[in-house]
Novice: 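Mind having a look at this structure? Questions to follow.
Predicted model only: the values in this text are computed from it and were never measured. Numbers restart at 1 for each chain; the letters A, B, ... are given by sequence-line order, proteins then strands.
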Number of protein chains: 2
Amino acid sequence: MSPDRLKARPPDQGRRAFFRPSRESMRISARTQYALAAMLALAEADGPVHAERVADSQEIPRRFCDNILLQLRRAGLLNSQRGPDGGYWLARPAAEISLADVIRVTEGVEQATRRFPRAAAPLDAIWERLRDHEHALLSEVTLADVMSRSASS
Amino acid sequence: MSPDRLKARPPDQGRRAFFRPSRESMRISARTQYALAAMLALAEADGPVHAERVADSQEIPRRFCDNILLQLRRAGLLNSQRGPDGGYWLARPAAEISLADVIRVTEGVEQATRRFPRAAAPLDAIWERLRDHEHALLSEVTLADVMSRSASS
DNA sequence: ATTAATCCTACTTAACTTGTAGGGTTAATG
DNA sequence: CATTAACCCTACAAGTTAAGTAGGATTAAT
């Protein structure tokens, strides 16, 4: 009797409770989303804004918001003042802060990427192309751009 | 005395032990890298190949490799045969399997993405553009392409 | 029957994410 | 100069995910 070879299963359709988009794409942490929301909130104001107000308006957990704003200040994107009537404001005009500037801060730096050997080595060039494109787009779009239109085109 | 406003710190240069590229980019799990390496290894062969040989040639931990190959078969990308002289082989020609096909399997599906409110809402359009571009590129490059050239251009 | 392969589920360990806790420091106000 | 409201800073904790491991069940060639 001929060997009973196991066939690849067809993709299992049906039996899916609700729509889940497949992903092979970038992951954006909540921290980064919060940071961008906070920066945009500050970009819309013209004076110092309390962390409390940023947290409320953007629906960011209060202490976590503190945490993130602090990180953004240390990174050079915000200035701050303490005491009553204190707050945070952008260190540069909104048109001079790109999304990449913000994301770089909250996503941090990655460990030296591991090198994959053999057959997979040529893939490095693909990853590089993806990274370059992503970086180009995120570097080119500023906070001011996001405020002025839904999406840069 | 005028308030001593806290200045944004300049980016801390120096005191960096070694080069760490900043990242705001796609994360590719080890599992996915292994899966792609395994698929490429199988694309280079013409008959069934043992999991052991795939693991060795691509430097994938043995049991983990089993695990991943199994997942790829279930997803419809591989066929297999058990017993001595068994092994795995591509379910379709290498020219008909895109990188996205493989990545979709190992990266799985994402939970419904959380919606961010207010000022950050317009960012959704940006993420979508990034995803679309990424998906387009990864869908267009096949295993055969990767084998035949360093990078598609 | 033996053996060599795939198949399958469950588990473990470490790292990362997402916050929270507990205060310290600064500055405006009366 | 006491009060108070803000930012500043470190550490910690719970939950989730990633990266494998473990132990065996099943299949097929000999």
Novice: For R53(B), which contact category applies under a 4.0 Å heavy-atom criterion: base, sugar-phosphate, or nothing?
Specialist: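 Counting heavy atoms under 4.0 Å across all strands, no contact is made by R53(B).
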
Novice: Could you name each residue pair satisfying side chain to side chain donor-acceptor pair (under 3.5 Å) that touches residues 37-51 of chain A, not counting sequence neighbours?
Specialist: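 Every candidate side chain to side chain donor-acceptor pair (under 3.5 Å) pair involving residues 37-51 of chain A fails, so no pair, neighbours aside, qualifies.
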
Novice: With respect to the phosphate group of dT17(D), does any side-chain polar atom (N or O) of S29(B) fall under 4.0 Å of OP1 or OP2?
Specialist: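 No, outside the criterion.
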
Novice: How many Å lie between CD1 on I60(B) and P on dT21(D), as a whole number?
Specialist: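 It is 12 Å, rounded to the nearest whole Å.
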
Novice: Which donor-acceptor pairs under 3.5 Å do the side chains of residues 60-71 of chain B make with protein atoms, sequence neighbours left out?
Specialist:
from	atom 1	to	atom 2	distance (Å)
R62(B)	NH1	E52(B)	OE1	3.4
R62(B)	NH2	D66(B)	OD1	2.7
N67(B)	OD1	R31(B)	NH2	2.9
Q71(B)	OE1	R31(B)	NE	2.9
Q71(B)	OE1	R31(B)	NH2	2.9
Q71(B)	NE2	V105(B)	O	3.4

Novice: Any sub-3.5 Å donor-acceptor pair from D132(B)'s side-chain atoms to R129(B)'s backbone N or O?
Specialist: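 No; zero donor-acceptor contacts below 3.5 Å.
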
Novice: Does T32(B) have any side chain to side chain donor-acceptor pair (under 3.5 Å) partners at least two apart in sequence or in another chain, and if so, which?
Specialist: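 If we apply the side chain to side chain donor-acceptor pair (under 3.5 Å) test to T32(B), skipping adjacent residues, the hits are S29(B), T106(B), E107(B).
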
Novice: Nearest heavy atom decides the nucleotide; on that basis, is G83(A) or F64(A) closer to the 5' end of DNA chain C?
Specialist: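 Nearest nucleotide further toward 5': that of F64(A).
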
Novice: OP1 or OP2 of dC8(D) less than 4.0 angstrom from a side-chain nitrogen or oxygen of R73(A), does that happen here?
Specialist: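 Checking R73(A) against dC8(D): at least one side-chain N or O falls below 4.0 Å of OP1 or OP2.
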
Novice: Between I68(A) (CD1) and dC8(D) (C1'), how many Å, whole number?
Specialist: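 Taking CD1 of I68(A) and C1' of dC8(D), I get 15 Å after rounding.
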
Novice: Under the side chain to side chain donor-acceptor pair (under 3.5 Å) rule, collect the residues that match up with D101(A), sequence neighbours excluded.
Specialist: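 Checked D101(A) against side chain to side chain donor-acceptor pair (under 3.5 Å); matches are R92(A), S98(A), R104(A).
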
Novice: In this structure, how many angstroms lie between the P atom of dT21(D) and the CZ atom of R31(B), rounded?
Specialist: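 For the pair R31(B) CZ and dT21(D) P, the rounded distance is 13 Å.
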
Novice: Please determine whether side chain to side chain contact (heavy atoms under 4.5 Å, CB included) holds for the pair L77(B) and L72(B), giving the CA-CA distance in whole Å, both sets of side-chain angles, and the decisive distance to 0.1 Å.
Specialist: CA-CA 6 Å; L77(B) 298 183; L72(B) 290 167; 4.0 Å; yes

Novice: Find the distance L69(A):CG to dC9(D):P and express it as a whole number of Å.
Specialist: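 Rounded to whole Å, this separation is 13 Å.
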
Novice: Starting at the 5' end of DNA chain C and moving along, which residue's nearest nucleotide shows up first, N67(B) or A51(B)?
Specialist: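 By nearest-heavy-atom nucleotide position, the 5'-most residue is A51(B).
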
Novice: Under 4.0 Å: is that the gap between some side-chain N or O of R62(A) and OP1 or OP2 of dC7(D)?
Specialist: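 Yes.
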
Novice: So, using side-chain contact (heavy atoms from CB on, under 4.5 Å) as the criterion, who are the partners of A94(A) when residues are at least two apart?
Specialist: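 Listed in chain order: A43(A), L90(A), L143(A), A144(A), M147(A).
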
Novice: In this structure, how many angstroms lie between the P atom of dT17(C) and the CD atom of Q33(A), rounded?
Specialist: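 Spelled out: CD on Q33(A) to P on dT17(C) is 14 Å.
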
Novice: Is Y34(B) near enough to dG20(D) that one of its side-chain N or O atoms lies under 4.0 angstrom from OP1 or OP2?
Specialist: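 Checking dG20(D) against Y34(B), a side-chain N or O does come within under 4.0 Å of OP1 or OP2.
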
Novice: So, is Q81(B) close to the dA29(D) phosphate, meaning a side-chain N or O under 4.0 Å from OP1 or OP2?
Specialist: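 Yes, Q81(B) has a side-chain N/O under 4.0 Å of OP1/OP2 on dA29(D).
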
Novice: Would you tabulate the nitrogen or oxygen pairs shorter than 3.5 Å linking the protein to nucleotides 23-25 of chain D?
Specialist:
from	atom 1	to	atom 2	distance (Å)
dG23(D)	N7	R63(B)	NH2	2.8
dG23(D)	O6	R63(B)	NH2	2.2

Novice: Would you kindly give the CG-to-C1' distance between D85(A) and dT29(C), to the nearest whole Å?
Specialist: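 So the CG-C1' distance, D85(A) to dT29(C), works out to 10 Å.
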
Novice: Among the nucleotides dG19(C), dC7(D), dT21(D), which one has an atom lying closest to any side-chain atom of H50(A)?
Specialist: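 Selected nucleotide: dC7(D).
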
Novice: Check every atom of dC7(D), dG19(C), dC8(C) against the side chain of R74(B) and return the nucleotide holding the closest atom.
Specialist: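 Of the options given, the side chain of R74(B) lies nearest dC8(C).
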
Novice: Could you tell me the separation between the CD atom of Q71(B) and the P atom of dG20(D), rounded to a whole number of Å?
Specialist: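 One finds 14 Å between P of dG20(D) and CD of Q71(B), rounded.
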
Novice: For the backbone of A136(B) and the side chain of S139(B), can you confirm whether one donor and one acceptor N or O come within less than 3.5 Å of each other?
Specialist: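 Side chain of S139(B) to backbone of A136(B), a donor-acceptor pair under 3.5 Å: no, none is there.
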
Novice: Need to verify one output field. Residue with the more 5' nearest nucleotide on DNA chain D, L70(A) or P84(A)?
Specialist: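 The answer here is P84(A).
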
Novice: Taking atom P of dC7(D) as reference, at what distance in whole Å does atom CG of N79(A) sit?
Specialist: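 Going from N79(A) (CG) to dC7(D) (P), I get 14 Å.
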
